**Q** 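Provided herewith is a single structure, encoded as structure tokens, for subsequent inquiry.
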Amino acid sequence: MTTNTGSKKQNFAPLLMDVAVPIGSYYLLKSGFGMSTVAALGWSSVVPAVRTVWGVVASRTVNAFAALILFVNVVGLSLSLVAGDPRLMLAKDSGVSSAIGIGVLVSVAMGRPMMTAGMKPFLVKGDPEREAAFERLLSGSAAFRRAERRFSLVWGVGLLGECVARVVGAYTLPVDTMVWLGTVVMIGTMGVTAVVSGGLAAGPMADMIAAELKGEDAPAPAVLPSLVAAR
């Protein structure tokens with residue numbers, strides 16, 4: 001029970017630091033301490049930025065996503081302070097989603113789907129046999145590779161869609177509304193994208209892994225019978 005409780009705390013800690021703290025501190029600084037909108041937005045971005053830097057220092061490794069988020073935050077904050085535009089500060093958050101989304105789509109086009117690294121642990125579950133089955137299917141099954149690419153494609157499109165929605169909201173809705181609504185859009189996009197990518201890609205891949213472990217043929221693509229007949 002202790003282990004599960006500790007695991008849950010670890011899972012929710014990043015969410016608390018990156019979502020709850022910035023939103024809460026923004027309203028506290030603006031309404032409670034009378035800061036301007038720009039100043040409140042700027043100071044409320046400090047905690048996520050510090051957490052990103054600390055993660056790099058503590059692990060002594062540079063995570064590409066963490067570095068990208070930090071870079072976008074620093075550049076966006078600098079530009080916003082110079083321009084004095086709170087809407088630009090809100091819009092810059094979508095820069096992370098767009099940059100990652102474009103990177104994911106490019107990786108799919110190059111045949112090296114970026115999201116596989118995040119999906120694989122959920123499929124293999126730390127089991128050497130499942131990992132071996134994953135690698136066999138990855139090298140020998142066209143259907144498995146298509147599903148792998150589809151997973152990253154869904155995430156790339158979802159992240160770009162989130163970017164567009166947040167930029168439009170930043171320049172059409174009140175700043176105070178967009179501070180919390182932007183987070184709702186982000187979380188909602190993550191949830192919908194996870195469900196869609198699971199149904200279209202991760203789920204079928206898990207089924208293929210299970211079939212591979214049982215020594216059965218992995219589910220074949222729909223065009224296979226016609227190809228066999230043609231031969």
Side-chain angles (χ1 to χ4, degrees), residues 3-4 6-8 10-15 18 55 59 61-69 96-165 185-231:
T3 303
N4 291 337
S7 177
K8 289 180 179 179
Q10 291 178 352
N11 290 336
F12 280 103
L15 182 64
D18 293 339
S59 62
T61 59
V62 179
N63 182 289
F65 280 5
L68 178 60
I69 292 172
V96 176
S97 298
S98 64
I100 295 175
I102 292 172
V104 170
L105 293 177
V106 170
S107 72
V108 173
M110 295 177 63
R112 303 185 67 178
M114 185 184 297
M115 298 300 293
T116 300
M119 169 187 58
K120 183 179 177 180
F122 291 96
L123 293 178
V124 302
K125 302 176 182 179
D127 185 344
E129 292 186 358
R130 293 183 66 87
E131 183 165 1
F134 182 98
E135 295 299 333
R136 287 197 301 272
L137 289 167
L138 194 60
S139 61
S141 171
F144 193 82
R145 290 193 297 272
R146 281 196 298 272
E148 178 203 20
R149 292 193 296 270
R150 195 180 304 125
F151 184 87
S152 286
L153 181 63
V154 170
W155 275 96
V157 172
L159 289 170
L160 285 180
E162 183 222 350
C163 167
V164 172
V185 171
M186 177 189 69
I187 295 175
T189 300
M190 298 298 106
V192 172
T193 305
V195 171
V196 174
S197 62
L200 294 179
M205 291 174 75
D207 291 340
M208 284 186 256
I209 291 175
E212 176 73 13
L213 291 172
K214 293 178 181 178
E216 302 172 358
D217 292 333
V223 297
L224 186 57
S226 60
L227 292 176
V228 173
R231 293 180 181 176

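As the structure is a prediction and not an experimental result, all values here were calculated from the model. Any value given below was found using the heavy atoms of this structure, including those in side chains, with hydrogens, waters and symmetry copies removed.
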**Q** If I compare all heavy atoms of Ala133 with all of Leu213, which pair ends up nearest, and what's the gap?
**A** CB-CD2, 4.0 Å
**Q** With a 3.5 Å distance limit and no angle check, can you tell me whether Ser197 reaches the backbone of Ala194 through a side-chain donor-acceptor pair?
**A**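 Checking the backbone N and O of Ala194 against the side chain of Ser197, a donor-acceptor pair under 3.5 Å is found.
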**Q** Please report the interatomic distance CG(Leu105) to CG(Leu160), rounded to the nearest 0.5 Å.
**A** 5.5 Å
**Q** If we only count heavy atoms from C-beta on, is the Leu159 to Met190 side-chain gap below 4.5 Å?
**A**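 Leu159 vs Met190: side chains touch.
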**Q** Applying ring-ring contact (aromatic ring centres under 6.0 Å, His included) as the test, list every pair that has at least one member in residues 113-132; sequence neighbours left out.
**A**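 Matches after skipping sequence neighbours: none remain.
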**Q** Could you give the distance from CE (Met208) to CZ (Phe134), rounded to the nearest 0.5 Å?
**A** 10.5 Å
**Q** Quick check: closest heavy atoms across Pro128 and Gly126, and the distance to 0.1 Å?
**A** CD-O, 3.5 Å
**Q** With no hydrogens and no angle check, is any side-chain donor or acceptor of Ser152 less than 3.5 Å from a backbone partner on Met115?
**A**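 Yes, Ser152 side chain to Met115 backbone: donor-acceptor pair under 3.5 Å.
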**Q** Taking everything shown except Glu135 itself, do over 12 heavy atoms lie less than 6.0 Å from its CD?
**A** yes
**Q** Considering all heavy atoms of both residues, which atom of Thr189 and which atom of Thr193 are nearest to each other, and what is their separation?
**A** O-OG1, 2.6 Å
**Q** Mind checking the CZ-OG1 spacing from Arg145 to Thr116? Nearest 0.5 Å is all I need.
**A**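 Going from the CZ atom of Arg145 to the OG1 atom of Thr116 covers 12.0 Å.
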**Q** Which atoms form the tightest heavy-atom contact between Pro121 and Ala117, and what is the distance?
**A**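 Between these two residues, the closest heavy atoms are CD-O, 3.2 Å.
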**Q** If you count heavy atoms of other groups shown closer than 6.0 angstrom to CZ of Arg112, is the number above 12?
**A**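 For Arg112, atom CZ is not crowded (no more than 12 foreign heavy atoms under 6.0 Å).
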**Q** Between Met205 and Ala147, which heavy-atom pair has the shortest distance, and what is it?
**A** CG-CB, 3.5 Å
**Q** Hey, what do you get for CD (Glu131) to CD1 (Ile209), rounding to the nearest 0.5 Å?
**A**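 Rounded to the nearest 0.5 Å, the CD-CD1 separation comes out at 10.0 Å.
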**Q** Would you call Glu148-Lys120 a salt bridge at under 4.0 Å N-O?
**A**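 The answer is no: the pair does not qualify as a salt bridge.
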**Q** Spell out, as yes or no, whether a donor-acceptor pair under 3.5 Å connects the side chain of Arg130 to the backbone of Leu123.
**A**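 Answer holds: yes.
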